[in-house]
Undergrad: 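Structure provided below as structure tokens; questions to follow.
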Amino acid sequence: QVIRATFITYIISVLLGAALLLTPGRGMVFSMVQAASAFGNCGLVLGAAPGPMDPRTHLVLMPLALLGGLSIPVILDLFGLPLAHPSAHP
């Protein structure tokens, strides 16, 4: 149950992030790699990264990095999705 929720959360995060990062001069693969990199907090970038003043940096990459840093079980617990074991807090 947790593994399935992890895959679904990761896929949704990467696809949504890639759709928001997609620009005319940037391919879908480059956008997906950058979104997955932000969510996984690994820093891998193919092609040119958005600059520090680019709105996509603050509106897409930063939230993906924050959510990825929280970890999937914490995200699932925050949104009230069922886990394999009951939560320790009420």
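We're numbering straight along the sequence, starting at 1.
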Undergrad: Could you give the side-chain donor-acceptor pairs of residues 57-68 under 3.5 Å, partners two or more places apart or in another chain?
TA:
| unit_1 | atom_1 | unit_2 | atom_2 | d |
| --- | --- | --- | --- | --- |
| Thr57 | OG1 | Gly51 | O | 2.7 |
| His58 | NE2 | Pro52 | O | 2.8 |

Undergrad: Any heavy-atom pair between the side chains of Leu15 and Met32 that's under 4.5 Å?
TA: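 Yes, close enough: below the 4.5 Å cut-off.
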Undergrad: Looking at every non-hydrogen atom in both residues, tell me the closest pair between Ala18 and Ala35 and how far apart they are.
TA: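 Looking at all heavy atoms of both residues, the closest pair is N-CB, 3.7 Å.
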Undergrad: Just wondering, do Met28 and Leu22 contact through their side chains at under 4.5 Å, heavy atoms?
TA: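 Of all side-chain heavy-atom pairs linking Met28 with Leu22, at least one is under 4.5 Å.
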Undergrad: Going by ring pair (Phe, Tyr, Trp, His ring centres under 6.0 Å), name the residues that satisfy it together with Tyr10, two or more places apart in sequence or in a different chain.
TA: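 Tyr10 satisfies ring pair (Phe, Tyr, Trp, His ring centres under 6.0 Å) with Phe39 once adjacent residues are dropped.
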Undergrad: To check you understand the geometry: which heavy-atom pair defines the closest contact between Arg56 and Leu21, and what is its length?
TA: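 For Arg56 versus Leu21, the nearest heavy atoms are NH1-O, 3.2 Å.
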Undergrad: Say whether Leu78 and Leu16 are linked into one hydrophobic cluster, either directly or through other cluster members, by side-chain heavy-atom distances under 4.5 angstrom.
TA: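 Same hydrophobic cluster.
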Undergrad: So how far is it from Ile72 CD1 to Ile3 CD1, rounded to the nearest 0.5 Å?
TA: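 Those atoms lie 12.5 Å apart.
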Undergrad: With clusters defined by side-chain heavy atoms of hydrophobic residues (ILVMFWY) lying less than 4.5 Å apart, directly or transitively, does Leu20 cluster with Val29?
TA: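 No.
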Undergrad: With a cutoff of under 4.5 Å between side-chain heavy atoms, which Ile, Leu, Val, Met, Phe, Trp and Tyr residues group with Ile12?
TA: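 Besides Ile12, the hydrophobic cluster comprises Ile8, listed by chain and residue number.
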